Amino acid sequence: MPELPEVETTKRGISPHSIGQRIVKVIVRHKKLRWPVDQKALNLLKGKEIFACTRRGKYLELQTDKGSILIHLGMSGSLRIITNEEVGKHDHVDIVLSNGKSIRYNDPRRFGCVVFNQEGDEHRLLANLGVEPLSDDFDNEFLFRQSKKRSIPIKAFIMNGKIVVGVGNIYAQEALFNSGIHPNRPASKVSKKRYTKLTQNIRTVLNEAIKAGGSSLKDFTDADGKPGYFQQTLHVYGRKDEACVICKRKLKQIIIGQRSTVFCSGCQT
DNA sequence: CTTGTCACCTGAGCGC
DNA sequence: TGCGCTCAGGTGACAA
């Protein structure tokens, strides 16, 4: 489920149920996630109050004054607020709260993680992250400045979390299509003007997706809540061999950095 | 430092 | 029905 908009939607969904609550206990049913779940360390947070729920890139953090729980949803993870619900397949971790509810972490592929963090933003998983695409740091010149001497395809460049966080495989493709840029073009060979456009399109595409995801927020606790991008109009992602919405050419699919990439050879140069 | 490749997993969908 | 294959919203580790 998770690109940045889904993570943001998740954050907004669990925040009202968790902020101000104390952590009663953390139940770990399967500790083999991307990183081992350290039950002992997480137990240090028992009785502590969650004073904030924050997002950094695609990472979520439940903050207490004795440390935080750092969560990543990987490819297939999700968090739900539950009350006395039967444990299902892939429900690996429960964070039991003082209001009787729990934050339940489910992740079939187990590419995500639930880790104890006492180092704040200095934590090794956070320390080297790039700028937030929805912040002021991601200005019209940022990508252009960073792209100097970079030969990698523009798509891999904007998906590099050390440059800018949260741009995943769906929205990278969409933003490049909307900007008319060929995904394989070397980053250093994209003009400043086009970077300005790309920057704006990345912002727009993410904001639209957050808006779409937000519309289903009231149903957040439903198991089958659709992530934002199912409600959004996607122009290229998943549309291989279909007609370009602009020029009607057949959309092509290529592989960039082991990730499939759909684009229009007419509109994107 | 940059770039490209691998690894970690399960489940869905398809052709046979 | 079942088997084998391919593919899927991510990203850290490592080699070159």
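Within every chain, numbering begins at 1; the chains are lettered A, B, ... in the order of the sequence lines, protein sequences first and strands thereafter. Since we're looking at a predicted model, the values are computed, not measured.
Each of A:Ile255 and A:Arg124 was matched to the nucleotide of DNA chain C holding its nearest heavy atom; the match closer to the 5' end belongs to A:Ile255.
Rounded to whole Å, atom C1' of C:dC14 lies 16 Å from atom CG of A:Asn128. Spacing between atom CZ of A:Arg239 and atom C1' of C:dA8 amounts to 19 Å, rounded to whole angstrom units. In this structure, A:Lys162 places its NZ atom 11 Å from P of C:dT11, rounding to the nearest Å. Here B:dA7 presents its P atom at 17 Å from CZ of A:Arg110, a figure rounded to the nearest Å. Atoms CG (A:Leu129) and P (C:dG10) sit 14 Å apart, rounded to a whole Å. Taking atom CE of A:Met75 as the reference point, atom C1' of C:dT6 lies 13 Å away to the nearest angstrom. Distance A:Asp107 CG to B:dC8 P: 16 Å, rounded to the nearest Å. Put simply, CG on A:Leu73 is 16 Å from C1' on B:dT10, counting in whole angstrom units.
The base of B:dC9 sits within donor-acceptor range of the side chain of A:Arg109, with an N or O pair under 3.5 Å.
In this model, the phosphate group of C:dG10 is approached by a side-chain N or O of A:Arg259 to a distance below 4.0 Å at OP1 or OP2. Proximity of A:Arg34 to the phosphate of C:dA13: no side-chain N or O atom is located under 4.0 Å from OP1 or OP2. Residue A:His72 places none of its side-chain N or O atoms closer than 4.0 Å to OP1 or OP2 of C:dG10. Between A:His90 and B:dG11 there is a side-chain N or O to OP1 or OP2 distance below 4.0 Å. The side chain of A:Ser260 contributes an N or O atom lying less than 4.0 Å from OP1 or OP2 of C:dA8.
C:dA13 and B:dT10 have their C1' atoms separated by 22 Å, given to the nearest Å. Taking atom P in both B:dC6 and C:dT6, one finds a spacing of 15 Å when rounded to whole Å.
Remark: ring of A:Phe111 stacked against base of B:dC8; centroid gap under 5.5 Å, plane tilt under 30°.
Of the candidate nucleotides C:dA8, C:dA13, C:dG10, C:dA13 has the atom lying nearest to any side-chain atom of A:Trp35. Listed nucleotides C:dG10, C:dA8, C:dG12 differ in distance to A:Met159; the shortest reach to its side chain belongs to C:dG10. Comparing C:dG12, C:dG10, B:dT10 against the side chain of A:Tyr59 picks out C:dG12 as the nearest.
Scanning DNA chain C for stems, defined as runs of 3 or more consecutive Watson-Crick or G-U wobble pairs whose donor-acceptor distances all fall under 3.5 Å, gives the following ranges: B:2-8 with C:10-16, B:10-16 with C:2-8.
Contact check for A:Lys48 versus A:Arg22: no side-chain heavy atoms found under the 4.5 Å cut-off. The shortest side-chain heavy-atom distance between A:Asn106 and A:Arg80 does not fall under the 4.5 Å cut-off.
No hydrogens or angles considered: a donor-acceptor pair under 3.5 Å links the side chains of A:Asp107 and A:Ser76. No side-chain N or O of A:Gln253 forms a donor-acceptor pair with one of A:Thr261 less than 3.5 Å apart. Neither side chain, A:Arg203 nor A:Ser135, offers a donor N or O lying under 3.5 Å from an acceptor on the other. Side-chain contact check for A:His235 and A:Asn178: at least one donor-acceptor pair (N or O, by modelled atom type) lies under 3.5 Å. Side-chain contact annotation: A:Asn140 with A:Thr199, donor-acceptor N/O pair under 3.5 Å absent.
In this structure, A:Gly161 reaches neither bases nor backbone, as no heavy-atom distance under 4.0 Å exists between it and the strands shown. Looking at heavy-atom distances under 4.0 Å, A:Leu33 makes no contact with the nucleic acid at all. Residue A:Lys89 is classed as a sugar-phosphate contact, given heavy-atom separations below 4.0 Å to backbone atoms only.
The other residues sharing a hydrophobic cluster with A:Val96 are A:Val24, A:Ile27, where clustering joins ILVMFWY side chains under 4.5 Å apart.
Using a 4.0 Å cut-off between a side-chain N of Lys or Arg and a carboxylate O of Asp or Glu, A:Arg55 and A:Glu132 qualify as a salt bridge.
In this pair, A:His92 and A:Tyr105 present their aromatic rings tilted. The plane angle is within the 30 to 60° band.
For A:Arg29 (side chain) and A:Asp91 (main-chain N/O), a donor-acceptor pair under 3.5 Å exists by modelled atom type.
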At a cut-off of 3.5 Å, list every protein nitrogen or oxygen paired with a nitrogen or oxygen from nucleotides 1-5 of chain B, distance to 0.1 Å.
| unit_1 | atom_1 | unit_2 | atom_2 | d |
| --- | --- | --- | --- | --- |
| B:dT2 | OP1 | A:Arg150 | NH2 | 3.3 |
| B:dT3 | OP1 | A:Ser151 | N | 2.5 |
| B:dT3 | OP1 | A:Ser151 | OG | 3.1 |
| B:dT3 | OP1 | A:Ile152 | N | 3.3 |
| B:dT3 | OP2 | A:Arg150 | NH1 | 3.0 |

